[in-house]
Each structure stands twice: as C-alpha cells, then as structure tokens.
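Note sheet for the following structure.
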Protein chains: 2
Amino acid sequence: MKRVKKKLLSDFIARKGLKSTRQRDTILDFFLASDRHMSIEELYLKVRAKHPNIGYATVYRTLKLFVEAGLAREIQFADGQTRYEHVNEGEHHDHLVCTHCGTIVEFENPVIEKLQDEVAKSHGFLIETHKMEIYGLCPKCH
Amino acid sequence: MKRVKKKLLSDFIARKGLKSTRQRDTILDFFLASDRHMSIEELYLKVRAKHPNIGYATVYRTLKLFVEAGLAREIQFADGQTRYEHVNEGEHHDHLVCTHCGTIVEFENPVIEKLQDEVAKSHGFLIETHKMEIYGLCPKCH
DNA sequence: ATGTTTATGAAAATCACTTTCAATGTTCTT
DNA sequence: AAGAACATTGAAAGTGATTTTCATAAACAT
Ligand SMILES: [Mn+2]
Ligand SMILES: [Mn+2]
Ligand SMILES: [Zn+2]
Ligand SMILES: [Zn+2]
C-alpha cells in the first residue's frame, strides 16, 4: 500500500521532470502514517516535531503535489480548513461528520451513487464528481 | 412570496430589538430580486450600482442577518465563495453545479434523502444536516 | 565538478471575510 | 418635538487560511 503510493509519487516526479527531495519523502511518510483526514496544520505540526526545519509553505505545496500525483484528495468539510485524504485505486466513499467532536466516518452506498447518476442524467449533466456529507452527532456525542 | 420574506425580516427585527434601516430594506430588495445563488460579491456589486453609499461590511452583516431571520441559507460550492440562497418554508433541495459555466440546477430526490437517513442511523449518527452536490457539465457545456 | 533547473524557507501578499470604532440613525421616553 | 439610549453604518484595520515572492540551496544531467 505505502509502496504503491511511493511509487505513484516517484513516477509522477519522473514524468514531470520534477525533483525528488528529502522534504517530499518526509512529508509523504507522515501523510501515509496519518489519520485519513488531516488538515495541513495538523500534518505540519506532526512533521515539524521531528523535522523542525521543514517550512509551512513546503507542506502546502507538497500536499498539492500529492493531489496531482493522484495519491491524495482534497476535502472541505464545514470547518473552513482543507483536509487531505488517501486515495485508493477504484475506491470511492462519502462522509459522516460529527458536528460535536469532529469524528469522521466513511461510508459507501452504491444505491445512492446510482441515484445520483440518474439525477445528473435526467438534467442532462455529464457528471464529474460529487460530494456528499452527512452532519450530525456521532454515537459518542448523543 | 416577497411579502412573506419581508415580514419574516421585520418580525425578526422586532423580536430581537433590532432596528429597521434603509440599508437592510435595500439589500433585501436586491436579494429577493436576485438569482437564487448569489455570492456577497455579486450582490454587493448589484446593490452598489444603485446605492454607491452602502458598504461591503453592511452587505456581509445583512446577509448573515437574513440567515438568522430564516429567509436565506448559506451554501458553499467548490469555488471558495459563500453563496446565499432563498429559503422557502418546508422545502429542501440539493444542487447540480456546472464546472464549466457555473450554472446551478436544484433537485429534490426523496429516495436519496431517505437512504441518507438510513446511512446515518446505521452508523448511530443523529443527523442534523447534509450536503450533496453533483459537479459536472451542464447540457449547454458538452 | 559544473551548469541548469527545480525546490525550499521565511516573509510578504492575497483572498474572503470579520471586527473595530467613531459617526450616524432609529426608536423609546418624556 | 427633544433628548436619551441603543443599534447600525462605512471605512479601515484585522484575521485565518492559503499562496506567492525571492534569494538561497538542492537535485541531477552532462
Ligand atoms: Mn474519507
Ligand atoms: Mn439552491
Ligand atoms: Zn462526536
Ligand atoms: Zn455549463
């Protein structure tokens, strides 16, 4: 799994004529070892604890690179901070978000997905992506 | 319809001990006459064209007031700008967004809504709100 | 080893708001 | 109608998240 992601990045770097750096490797390691929905701030603090010399801007830039390379995806929940999650080949899911403690639960529902496709089709839309988030209180918070 | 919204606002203002002002009336008129999903920037520019003396901050504050009064709702699409839409009693809908021209189409799908409730319940979540947006190309753009 | 090009860190800039504050307007009390 | 009490306003400053700038440092092809 981690091997696959590392290869995705090094292939992308090679393909685009970019350069492999210690910072990118470090940030990738922390990203791969992280919770599935981290904000830049959270990731930066973790990275920073071990590598105090890595800059804020580099973390931002590197996460964007991961998105381009296809190993991360940006998500925006209702809290105004961009989060990044792991992308796995052929997998899609949506989110339940606890408005009290912030817990995020992933779910897949093929029936909903299919109905979304039908909605798009019935309005003549060529669907590219969709976003579906359910906000409420998780079991621990009610 | 517009009468209803105006009354909603004046009732809210009375109930909270706030004050009725020329600015609030003007902004409400423009909001009610507007497209259903306007950004503050767009609304401000329209208002500004007729009333060059109304400030940016007032438009921001007033739209927040409309939300509190229950006649507008904030929505965030993927473009980083808050938009405000009209709220109508007992009505709920989700959105199709054209990634090319920005067109927004509203839709309701009770089956999807019901499945969302079931997903939440199956994970022990007490649902508060949800957000569902389908992004793609509208009929004109493909 | 050198040269060319990309990456980095720190600081400044940007973007979309939000807050501050002195001046002004609205409503209440007389 | 006048004054007091309080809310609202516009302009400008402040925020918080993110992005850009730019001089310096690393990569890596030759
Ligand atoms: Mn996820
Ligand atoms: Mn709508
Ligand atoms: Zn919770
Ligand atoms: Zn379109």
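Residue numbering restarts at 1 for every chain, and letters A, B, ... go by the order of the sequence lines. None of the values given here were measured: they were computed from a predicted structure.
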Closest-nucleotide ordering on DNA chain C, the 5'-leading residue of Thr62(A) and Arg22(B):
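Result of the comparison: Thr62(A).
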
Hey, which sits more toward the 5' end of DNA chain C by its nearest nucleotide, Tyr60(B) or Ser20(B)?
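Looking at DNA chain C, the more 5' nearest nucleotide goes with Tyr60(B).
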
Looking at [X], I'd like to know whether one of its side-chain N or O atoms comes within less than 4.0 Å of OP1 or OP2 on [N].
| X | N | result |
| --- | --- | --- |
| Thr21(B) | dT9(D) | yes |
| Thr82(B) | dC17(C) | yes |
| Gln23(A) | dG9(C) | yes |
| Arg61(A) | dT8(C) | no |

Answer with yes or no whether the side chains of His130(A) and His92(A) bring together a donor and an acceptor at under 3.5 Å.
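A donor-acceptor contact under 3.5 Å links the two side chains.
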
Under 3.5 Å, is there a donor-acceptor pair linking the side chains of His93(A) and Glu85(A)?
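Present: a donor and an acceptor within the cut-off.
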
Applying a 4.0 Å non-hydrogen cut-off, can you work out what Gln81(B) is touching in the nucleic acid: base, sugar-phosphate, or nothing?
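Sugar-phosphate, backbone atoms only, no base.
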
Are the aromatic rings of Phe31(B) and Phe66(B) close, with centres under 6.0 Å apart?
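Between Phe66(B) and Phe31(B), which both carry aromatic rings, the centre distance is below 6.0 Å.
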
Atom-pair distance ([atom1] on [X]; [atom2] on [N]), nearest Å:
| X | N | atom1 | atom2 | value |
| --- | --- | --- | --- | --- |
| Lys19(B) | dT26(C) | NZ | P | 10 Å |
| Lys64(B) | dA16(C) | NZ | C1' | 11 Å |
| Ile40(B) | dG10(D) | CD1 | P | 14 Å |
| Glu42(A) | dG16(D) | CD | C1' | 16 Å |
| Tyr56(B) | dT19(C) | OH | P | 16 Å |
| Glu68(A) | dA7(C) | CD | P | 11 Å |
| Arg15(A) | dC28(D) | CZ | P | 16 Å |

Closest heavy-atom contact between Leu137(A) and His142(A)?
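Minimum heavy-atom separation between Leu137(A) and His142(A): O-CD2, 3.4 Å.
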
